[in-house]
Amino acid sequence: MSENSLETMRHSAAHIMAAAVQSLWPEAKFDIGPDTAEGFYYDFDMEHRLNQEDLKKIEKAMRKMIGRKLPFERRELSRKEAEAYFAEKGQSFKLQRLADIPEDETVSLYSSGDFTDLCRGPHLEHSGQIGAVKLLSVAGSYFRGDEKLPMLQRIYGTAFPSQEELQDYLNRIEEAKKRDHRKLGAELELYSIHEEIGPGLVCWHPKGARIRHIIEEFWKRAHYDNGYEMLYTPHVGKKRLWETSGHLDFYSEGMYSAMDIDGDPYYVKPMNCPFHILVYKSRPRSYRELPCRWAELGTVYRYEKAGVLHGLLRVRGFTQDDAHIICTPEQIEDEIREVLRFSLYVWKSFGFKEIKAYLATRPEKAVGEPERWEQAIASLRKAVQAEGLQCETDEGGGAFYGPKIDLKIKDALGREWQTTTIQFDFNEPERFDISYIGKDGAKHRPYMVHRALLGSLERFFGILIEHYAGAFPLWLAPEQVRILPISEKFDQYARNVAARLREKQIRLSLDLEPDTIGGKIRRARNQRIPYLCIVGEKEEESGSVALRSQSKGEEGMMKIEDFLARIQKEIDELA
RNA sequence: GCCAGCAUAGCUCAGUGGUAGAGCAGCUCAUUCGUAAUGAGCAGGUCCUCGGUUCGAGUCCGAGUGUUGGCUCCA
């Protein structure tokens with residue numbers, strides 16, 4: 001049985017890679033080798049530590065096998081026979097994988113050349129049908145992904161039908177490297193992380209901070225316009241608070257150890273919710289004042305394992321664009337829908353159009369009555385449908401305290417990023433015993449929803465840098481315009497132009513260095529400045545600038561008023 | 001945290017056991033220029049840290065720190 005899909009080809013390529021590894025290191029033990037979204041991998045266990053040189057050797061052996069058009073031969077056999085086969089070969093991982101196969105399923109082996117693998121298939125007819133192959137990297141990987149189990153060596157590779165398609169893929173990787181926010185972050189002087197301060201702790205430089213400020217202003221305006229109020233809350237709280245909230249029971253591995261203040265242990269906050277709840281609890285609440293929509297750009301600190309830190313995308317101190325919505329059960333559906341609508345508006349404003357939803361439902365171990373879970377999930381589902389979002393359901397994937405919707409956005413390179421999260425919480429309202437007085441004069445338990453739209457400002461900034469490849473749209477650009485006089489003779493005119501633009505709050509600089517115009521342009525281009533105004537004799541005579549834009553290049557002479565009108569319009573449209 | 005790499009000037013990198021190098025950036029001087037690099041000069045180093053081997057370590061060995069690619073986890 002064979003099927004010539006890309007997945008099948010990659011899976012077959014994984015087999016051929018395993019065969020090549022077996023030919024080079026006969027003592028290797030094999031785990032599994034599936035295809036992935038981008039290619040394939042195979043996990044091995046052996047004494048020899050694989051390196052880059054080995055990948056070349058393996059690739060070479062693979063090419064040979066591909067050239068020999070080795071058939072993939074399927075053989076079905078009894079569980080006993082299969083066990084005997086892998087036991088004889090000393091393939092202990094294969095024996096464990098074999099034990100995972102349900103009793104009623106047939107056990108099949110696939111052979112290609114001297115390599116035989118436990119495999120459901122399907123495969124290509126023969127290895128000659130594998131197109132262009134490339135091995136990419138070696139990495140460690142736990143058996144079954146469990147950190148208590150042995151660490152295996154994983155080789156990642158990819159395969160495409162043709163050399164051209166493979167080259168396209170490799171070019172995309174190159175393009176992604178050029179956009180890497182860590183590289184651009186240093187080049188454009190946006191942020192830095194210092195060994196002396198600590199890993200995962202971010203310093204925002206003037207240009208990065210300027211962008212953050214613009215994001216925050218936009219965010220606050222949008223929240224006020226959409227019925228939210230802002231809170232500011234402290235960075236630390238007593239041990240007792242975190243016991244009440246349940247964080248010390250369920251989240252302690254993410255929290256830093258306590259500090260002593262007057263003999264009392266205090267913890268730095270990993271979340272803002274307990275503080276918001278105490279604001280709610282500061283006096284009795286009536287149903288008339290619900291929903292409460294309270295937002296905060298709350299800076300939190302979470303312990304992340306050293307190996308997972310990654311630029312701005314995974315850090316230990318970050319600012320969540322957090323909010324908590326406390327409302328009555330009758331309001332919950334509208335509230336969820338409103339949050340989702342608001343989130344999509346924010347994403348659109350920042351230039352992200354493709355968005356997918358992931359709904360996570362009740363896990364085995366959960367708090368809260370099942371009916372509440374059902375109502376919550378139903379309202380999440382309705383909201384997603386109402387907004388016409390594509391949605392996948394992750395059954396049992398919710399947190400123990402409530403179901404959630406996560407949004408993933410697609411960037412300019414088609415990569416997905418998890419950002420927005422909208423989470424029900426049936427735990428904390430109980431633990432803090434919060435209530436509201438209903439129409440009936442009785443106390444009722446409100447619903448509570450946590451939500452972060454951008455996720456965290458650090459992570460969002462990282463995504464934004466890569467999405468725009470450092471060339472921020474005009475409204476976000478830290479330096480919107482640079483004025484470049486042709487020579488020092490026109491410095492004064494350049495200053496006059498700058499003054500005209502500054503009156504309109506345009507962020508700009510003047511390049512008065514004694515360089516050639518080519519040198520100045522090059523420098524400005526490298527800084528990804530949206531508009532360059534080149535000024536010389538002709539411009540001075542006519543009260544204009546020679547415009548060069550980041551997106552279109554040379555655009556010719558333009559009156560200062562016309563230029564101002566144009567960029568003002570662009571800024572207003574968040575373009 | 002675990003596995004495997006990497007760490008030399010602000011940045012990108014060369015330097016295989018014998019006196020630390022280049023380009024760019026910086027500073028100074030000259031040049032006054034029309035759309036992606038004007039020229040010359042100067043300055044710049046705890047070769048990540050600590051320990052070891054050696055007559056001698058940027059180079060070899062060990063430990064630590066940071067970082068990269070993964071695993072696990074997640075905003």
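Labels below follow one simple rule: chain letters A, B, ... track the order of the sequence lines, proteins then strands, and each chain is numbered from 1.
Taking 4.0 angstrom as the limit, A:Lys489 places a side-chain polar atom (N or O) nearer than this to OP1 or OP2 of B:rC33. OP1 or OP2 of B:rA4 has at least one side-chain nitrogen or oxygen of A:Arg49 nearer than 4.0 Å.
Here the separation of B:rG58 from B:rA7, taken at their P atoms, is 15 Å to the nearest Å.
Rounding to whole angstrom units, CE of residue A:Met151 and P of B:rC71 are separated by 10 Å. One interatomic measurement links the two molecules: CZ of A:Phe318 to C1' of B:rA75, which rounds to 5 Å at whole-angstrom precision. Rounding to whole angstrom units, NE2 of residue A:His48 and C1' of B:rC3 are separated by 14 Å. One can place CZ of A:Phe40 at 16 Å from C1' of B:rG70, the figure rounded to the nearest angstrom. One can place NE2 of A:His310 at 9 Å from C1' of B:rU68, the figure rounded to the nearest angstrom. Counting to the nearest Å, the P atom of B:rC33 and the CG atom of A:Asp491 are 12 Å from each other. Nucleotide B:rA4 holds its C1' atom 16 Å from the CG atom of A:Leu135, rounded to whole Å. Across the protein-nucleic acid pair, A:Asp45 atom CG and B:rC3 atom C1' stand 11 Å apart, rounded to whole Å.
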Might you list the N or O atoms of the protein lying below 3.5 Å from N or O atoms in nucleotides 72-74 of chain B, with each pair's distance?
{"from": "B:rC73", "atom 1": "O2", "to": "A:Arg314", "atom 2": "NH1", "distance (Å)": "2.9"}
{"from": "B:rC73", "atom 1": "O2", "to": "A:Arg314", "atom 2": "NH2", "distance (Å)": "2.3"}
{"from": "B:rC73", "atom 1": "N3", "to": "A:Arg314", "atom 2": "NH1", "distance (Å)": "3.1"}

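Note on A:Gly455: only backbone sugar-phosphate atoms sit closer than 4.0 angstrom, heavy atoms only; bases stay farther off. Counting non-hydrogen atoms under 4.0 angstrom, A:Glu539 reaches a base of the nucleic acid. Contacts of A:Val300 with the nucleic acid, taken as non-hydrogen atoms under 4.0 Å apart, are absent. Among the heavy atoms of the strands lying under 4.0 Å from A:Lys538 is at least one base atom, whether or not backbone atoms are also near. Residue A:Ser141 is in sugar-phosphate contact alone, with no base atom involved, counting any heavy-atom pair closer than 4.0 Å across all strands shown.
The aromatic ring centres of A:Tyr301 and A:Tyr256 sit 6.0 Å or more apart. Ring centers of A:Phe342 and A:Trp219: at least 6.0 Å apart, outside the cut-off.
Contact detail for A:Tyr191 and A:Gly311: the closest heavy-atom pair is OH-CA, 4.1 Å.
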A:Gln167/A:Asn171 under side chain to side chain donor-acceptor pair (under 3.5 Å): CA gap, chis, key distance, verdict: CA-CA 6 Å; A:Gln167 198 51 52; A:Asn171 292 345; 3.2 Å; yes
CA sep, side-chain torsions, deciding dist, call: A:Phe350, A:Phe218, ring-ring contact (aromatic ring centres under 6.0 Å, His included): CA-CA 10 Å; A:Phe350 284 108; A:Phe218 171 84; 5.3 Å; yes
Test side chain to side chain donor-acceptor pair (under 3.5 Å) applied to A:His48 and A:Asp54, step by step: CA-CA 10 Å; A:His48 176 75; A:Asp54 294 331; 2.6 Å; yes
Derivation of the salt bridge (charged side-chain N to carboxylate O under 4.0 Å, His left out) call for A:Arg341 and A:Glu338: CA-CA 5 Å; A:Arg341 189 203 57 75; A:Glu338 188 49 32; 2.6 Å; yes
Distance-only criterion, 3.5 Å: show the donor-acceptor pairs between side-chain atoms of residues 395-405 of chain A and protein atoms not counting sequence neighbours.
{"from": "A:Glu395", "atom 1": "OE1", "to": "A:Thr361", "atom 2": "OG1", "distance (Å)": "3.0"}
{"from": "A:Tyr401", "atom 1": "OH", "to": "A:Gln423", "atom 2": "OE1", "distance (Å)": "2.7"}
{"from": "A:Lys404", "atom 1": "NZ", "to": "A:Asp406", "atom 2": "OD2", "distance (Å)": "3.1"}

Can you give me every donor-acceptor pair (side chain of residues 33-40 of chain A, partner residue at least two apart or in another chain, under 3.5 Å) with its distance?
{"from": "A:Thr36", "atom 1": "OG1", "to": "A:Glu38", "atom 2": "N", "distance (Å)": "3.3"}
{"from": "A:Thr36", "atom 1": "OG1", "to": "A:Gly39", "atom 2": "N", "distance (Å)": "2.9"}
{"from": "A:Thr36", "atom 1": "OG1", "to": "A:Gly39", "atom 2": "O", "distance (Å)": "3.4"}
{"from": "A:Glu38", "atom 1": "OE1", "to": "A:Tyr169", "atom 2": "OH", "distance (Å)": "3.4"}

Compile the donor-acceptor pairs under 3.5 Å between side chains in residues 205-212 of chain A and protein atoms, sequence neighbours left out, one pair per line.
{"from": "A:His205", "atom 1": "NE2", "to": "A:Ser192", "atom 2": "OG", "distance (Å)": "2.6"}
{"from": "A:Lys207", "atom 1": "NZ", "to": "A:Gln527", "atom 2": "OE1", "distance (Å)": "3.2"}
{"from": "A:Arg212", "atom 1": "NE", "to": "A:Glu216", "atom 2": "OE2", "distance (Å)": "2.7"}
{"from": "A:Arg212", "atom 1": "NH2", "to": "A:Glu216", "atom 2": "OE2", "distance (Å)": "3.4"}
{"from": "A:Arg212", "atom 1": "NH2", "to": "A:Thr319", "atom 2": "OG1", "distance (Å)": "3.2"}

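Where A:Lys520 and A:Met557 meet RNA chain B, the nucleotide closest to each residue was compared, and A:Met557 sits on the side nearer the 5' end. Mapped onto RNA chain B by nearest heavy atom, A:Arg523 and A:Asn526 fall at different nucleotides, with A:Arg523 at the one closer to the 5' end.
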Nucleotides 59-67 of chain B: protein proximity per nucleotide (B base, S sugar-phosphate only, - neither; heavy atom, under 4.0 Å): ------SSS
Under 4.0 Å protein heavy-atom contacts per nucleotide of nucleotides 8-16 of chain B, with B for base, S for backbone only and - for none: ---------
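A donor-acceptor pair under 3.5 Å is formed between the side chain of A:Ser245 and the backbone N or O of A:Trp242.
Atoms CD1 and NE2, on A:Ile409 and A:His467 in that order, are 7.5 Å from each other to the nearest 0.5 Å.
A heavy atom closer than 4.0 Å to some atom of RNA chain B occurs in A:Pro514, A:Asp515, A:Thr516, A:Ile517, A:Gly518, these being the qualifying members of residues 508-518 of chain A. Listed by residue number, the members of residues 543-554 of chain A with any heavy atom below 4.0 angstrom from RNA chain B are A:Ala546, A:Arg548, A:Glu554.
Residues satisfying the salt bridge (Lys or Arg N to Asp or Glu O under 4.0 Å) criterion with A:Lys353, sequence neighbours excluded, are absent altogether. Qualifying salt bridge (Lys or Arg N to Asp or Glu O under 4.0 Å) partners for A:Glu428, counting only residues two or more places apart in sequence or in other chains: none. Under the salt bridge (Lys or Arg N to Asp or Glu O under 4.0 Å) criterion, A:Glu387 pairs with A:Arg337, sequence neighbours left out.
Between A:Phe472 and A:Phe461, the ring-plane angle classifies as parallel under the 30° and 60° cut-offs.
Stems are defined here as 3 or more consecutive Watson-Crick or G-U wobble pairs with pairing distances under 3.5 Å; those involving RNA chain B are B:1-7 with B:65-71, B:10-13 with B:21-24, B:26-30 with B:38-42, B:48-52 with B:60-64.
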